[in-house]
Amino acid sequence: AALPAEARIRVVGEEPGTEGVDFFGAGLSERLFDTPQAVARVWRAAAGRRTMILSAEDSRDANGRPLAFTWALLQGDPAKVAIEPLDDGRRARVTIDWHDPFPTSEENPQTTARVDTRAFAHNGAPDSAPAILSWSFPAHETRTYAPGPDGAPRPVSIDYADPAKARTYADPLLWPRAAWRDDYAYGPDGAPLGWTRIRAEAEPET
């Protein structure tokens, strides 16, 4: 029977943010869930670029036919997402830069704060259903990034309590609110010097 293959992905390499170092919120992590068909992360860390390596080697075909794979961007800014197939497509390196909310399409002005990439498994029959990697971004925050010495975006300012976004909905189970802005400083050689935390109606805290 011309049954499609089953695309399955798993994370084999990533550098997740660490609570208390890269972001703050007791009990929080950036890992939302991992399943064979969907991997989800929430962007909490200040980093402006994230890289993951995904494997599709667990994909299956009911009739044991050989599989080929394609990886692509489903939703996001192509200038800010790079997908590099590895090992003849059995793996892929996915690099994503920070995204502000963006329209879902040219025809639909509704904005989204989620970037999705997908993997398809091909066995000569109809294509498989996609296996999807999703990154969710905090749409209620205002972040400014600038290129660092290596070209990767690095944080200039992160406002967790921008009054202009006070009514922007953020799922409280995913995005607890904070009442400050962090401004980042760097030395002449580009080395990070730390940040100044500015609280509403309070003196800057360095």
Under 3.5 Å: donor-acceptor pair, side chain of D88, backbone of A68: no
CA sep, side-chain torsions, deciding dist, call: T70, R118, side-chain hydrogen bond (donor to acceptor under 3.5 Å, both in side chains): CA-CA 8 Å; T70 58; R118 57 87 171 152; 3.1 Å; yes
Between R8 and S55: side-chain donor-acceptor atoms closer than 3.5 Å: no
Shortest non-hydrogen contact from A119 toward A7: O-CB, 3.9 Å
Side chain to side chain contact (heavy atoms under 4.5 Å, CB included) evaluation trace for Y145 with V156: CA-CA 5 Å; Y145 288 90; V156 174; 5.7 Å; no
Side chain D87, main chain R91, donor-acceptor under 3.5 Å: no
Distance-minimising heavy-atom pair for P4 and D127: CB-O, 3.6 Å
Check: D77 main-chain N/O paired with H99 side-chain donor or acceptor under 3.5 Å: yes
Hydrophobic cluster identity match, F33 and L133, side-chain contacts under 4.5 Å: no
R50 to W43 six-membered ring, cation-pi geometry met (6.0 Å, 45°): yes
Validation row: R41, V39 side chains within 4.5 angstrom (heavy atoms): yes
Donor on one side chain, acceptor on other, H122 and S128, under 3.5 Å: no
L67 with L54, same ILVMFWY side-chain cluster at under 4.5 Å: yes
Pi-cation contact, Y186 with R154 (under 6.0 Å, within 45°): yes
Pairwise distance CD1(I158) to OH(Y184) - rounded to 0.5 angstrom: 4.0 Å
Side chains of D159 and T142, donor plus acceptor under 3.5 Å: no
Donor-acceptor contact below 3.5 Å, side chain K165 vs main chain E141: yes
Nearest atoms (heavy-atom pairs only) where P85 meets G89: CB-CA, 4.2 Å
A139 versus A113, closest heavy-atom pair with distance: CB-CB, 3.9 Å
Gap between atom CD1 of I53 and atom CZ of R93 - 0.5 Å precision: 4.5 Å
Donor-acceptor side-chain pairing of T35 and Q37 below 3.5 angstrom: no
CZ (R114) with more than 12 external heavy atoms under 6.0 Å: no
Cluster check V11, I96: I/L/V/M/F/W/Y, side chain < 4.5 angstrom: yes
Minimum side-chain heavy-atom gap F102-T111 below 4.5 Å: no
Worked check of salt bridge (charged side-chain N to carboxylate O under 4.0 Å, His left out) between R10 and D58: CA-CA 8 Å; R10 57 186 168 87; D58 297 334; 2.6 Å; yes
Verdict with reasoning, R143 to D182, per salt bridge (charged side-chain N to carboxylate O under 4.0 Å, His left out): CA-CA 10 Å; R143 298 194 180 197; D182 289 339; over 6 Å; no
Exam field: side chain N108 to backbone T104, donor-acceptor pair closer than 3.5 Å: no
Shortest non-hydrogen contact between S59 and A56, atoms and distance: OG-O, 2.8 Å
Distance (rounded to the nearest 0.5 Å) between L28 CG and E19 CD: 6.5 Å
CD1-OG distance between I198 and S157, expressed to the nearest 0.5 angstrom: 7.5 Å
Interatomic distance, M52 atom CE to W135 atom CH2 [nearest 0.5 angstrom]: 6.0 Å
Any side-chain heavy-atom pair of V81 and D97 under 4.5 Å: no
Pair T196-D183, side-chain donor/acceptor within less than 3.5 Å: no
Closest approach of A72 to I83 (non-hydrogen atoms, all atoms of both residues): C-CD1, 3.4 Å
Test item: E30 side-chain N/O and A45 main-chain N/O as donor-acceptor pair under 3.5 Å: yes
Residue pair W175, H140: steps toward the side chain to side chain contact (heavy atoms under 4.5 Å, CB included) verdict: CA-CA 9 Å; W175 307 110; H140 63 292; 3.5 Å; yes
Verdict with supporting geometry, T117 and W71, side chain to side chain contact (heavy atoms under 4.5 Å, CB included): CA-CA 7 Å; T117 68; W71 304 77; 5.8 Å; no
Reported CZ-to-CZ distance for the pair F120 and F69, which is rounded to 0.5 angstrom: 13.0 Å
R177 to Y169, cation-pi by 6.0 Å centre distance and 45° axis angle: no
W98 reachable from V42 in the ILVMFWY side-chain graph, under 4.5 Å edges: no
Residue pair L73 / V115, side-chain heavy-atom distance below 4.5 Å: yes
Partners meeting side-chain hydrogen bond (donor to acceptor under 3.5 Å, both in side chains) with T95 (sequence neighbours left out): T51
Check: D22 and R44 side chains under 4.5 Å, non-hydrogen atoms: no
